[in-house]
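Below: one structure, written as structure tokens.
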Amino acid sequence: MSNLIRGPVDPAFPDLPGPIQFVLAPTANRGELRTSGVDVDLSYRSPVTSIGRFGFNLNGTYIINWEEQLDGVNNVSGLGAIVDPYVVGALPRWRHYATLTWSTGKWGATLTQNYTLGYTDERLNPAGDTRRVASYELWNVQGTCKCFDNTSIVVGIKNLFDRAPPFSNTIAFMQTGYNPQYADPRGRMYYGSVTLAFK
């Protein structure tokens, strides 16, 4: 079946096919993606102690294999690197989100860590060698108090240690010096809120 849809033959040129009216150009999946990995989800909650109750949670993903056919023929491994900065982005082998909580009476606190293992950068360094983007971790802390009836007070700090994004020489985005798919350029931030519940 031809992808060209033609009109009737012009009587003035009977030996030529009719003019092209439109072309059928359906999409086709010519490549494939093969990936495997392990998801981890660990949780623990302690009994109530004299200083309160503690909790821990770890949610992470470990990628064992990641291969894509960008051209429909050759398998390209993107594990620990950047395959297509505009579509896939960085593919670190390991990343996790961990929380540690504490509560007693009206008080509570949460410490979180968002961690991503480093990866091979998109472009070579000036010497022509591959370079590695450093691992990236952000720590956040939050405290809560239900100090008054129907009132909850929350204060916290995001990016507790004021961590800057690790350097990357990617050119896929408008900014320079870091990969926005991988890291957050915002520094330490303080926040707070008061919630009133009416019954």
Closest approach of Thr104 to Gly52 (non-hydrogen atoms, all atoms of both residues):
CB-CA, 3.8 Å
Side chain to side chain contact (heavy atoms under 4.5 Å, CB included) between Phe22 and Leu24: does it pass, once the steps are laid out?
CA-CA 7 Å; Phe22 56 92; Leu24 297 176; 4.0 Å; yes
Do His96 and Gln113 have side chains that approach each other closer than 4.5 Å (heavy atoms only, starting at C-beta)?
yes
Say you draw a straight line from OG1 of Thr61 to OH of Tyr97; how long is it, rounded to the nearest 0.5 Å?
14.5 Å
Sub-4.5 Å side-chain heavy-atom contact between Pro19 and Phe13:
no
What's the spacing between Leu138 CG and Thr116 OG1 if we round to 0.5 Å?
8.5 Å
Side-chain contact, heavy-atom cut-off 4.5 Å: Asn150 with Phe148?
no
With Ala12 via side-chain contact (heavy atoms from CB on, under 4.5 Å) - residues at least two apart:
Asp10
Heavy atoms only: give me the nearest Phe56-Ala98 pair and the separation to one decimal.
CE1-CB, 4.4 Å
Among pairs that include at least one residue of residues 105-148, which meet disulfide (SG to SG under 2.5 Å), considering only residues two or more places apart or in two chains?
Cys145-Cys147
Any heavy-atom pair between the side chains of Arg6 and Leu4 that's under 4.5 Å?
yes
Where do Pro165 and Pro185 come nearest, in terms of heavy atoms and distance?
CG-CA, 3.5 Å
With rounding to the nearest 0.5 angstrom, report the CG to OH distance, Leu91 to Tyr119.
10.0 Å
Applying side chain to side chain contact (heavy atoms under 4.5 Å, CB included), run through Ile64 and Val38 and close with a yes or a no.
CA-CA 7 Å; Ile64 298 172; Val38 177; 4.0 Å; yes
Gap between atom OG1 of Thr110 and atom CG of Leu100 - 0.5 Å precision
8.5 Å
Of all heavy-atom pairs linking Tyr191 and Ile157, the shortest is CE2-N, 3.8 Å
Excluding sequence neighbours, so at least two apart, what forms side-chain contact (heavy atoms from CB on, under 4.5 Å) with Val155?
none
Can you confirm whether Thr35 sits close enough to Asn65 that some side-chain heavy atom of one is under 4.5 Å from a side-chain heavy atom of the other?
no
Between Thr101 and Ser103, is any pair of side-chain heavy atoms under 4.5 Å apart?
no
What's the spacing between Ile63 CD1 and Leu117 CG if we round to 0.5 Å?
10.5 Å
Could you check if a side-chain atom of Ser135 sits within less than 4.5 angstrom of a side-chain atom of Tyr115, using non-hydrogen atoms only?
yes
Group every Ile, Leu, Val, Met, Phe, Trp and Tyr by side-chain heavy-atom contacts under 4.5 Å, then state whether Val48 and Ile51 land in the same group.
no
Side chain to side chain contact (heavy atoms under 4.5 Å, CB included) assessment of Arg53 paired with Arg45
CA-CA 7 Å; Arg53 169 172 276 178; Arg45 191 178 183 195; 2.9 Å; yes
For the side chain of Trp139 and the backbone of Asp162, is there at least one donor-acceptor N/O pair under 3.5 Å apart?
no
For the side chain of Asn57 and the backbone of Leu42, is there at least one donor-acceptor N/O pair under 3.5 Å apart?
yes
Within the side chain of Asp121, is there an N or O that forms a donor-acceptor pair under 3.5 Å with the backbone of Asn169?
yes
Determine whether Arg93 and Tyr62 make a side-chain contact, defined as any pair of heavy atoms from C-beta on separated by less than 4.5 Å.
yes
Can you check side chain to side chain contact (heavy atoms under 4.5 Å, CB included) on Asn179 and Val133, steps first, answer last?
CA-CA 9 Å; Asn179 184 345; Val133 177; over 6 Å; no
Do any N or O atoms from the side chain of Asn140 and from the backbone of Asn159 form a donor-acceptor pair under 3.5 angstrom?
yes
Once rounded to the nearest 0.5 Å, what's the spacing between atom CG of Leu160 and atom CD of Gln142?
12.5 Å
So does Arg34 have more than 12 non-hydrogen atoms from other groups sitting under 6.0 Å from CZ?
no
If the plane angle is over 60° it's perpendicular, under 30° parallel, otherwise tilted; pick one for Tyr136 and Tyr182.
tilted
Any donor-acceptor pair under 3.5 Å from Ser46 side chain to Phe54 backbone
yes
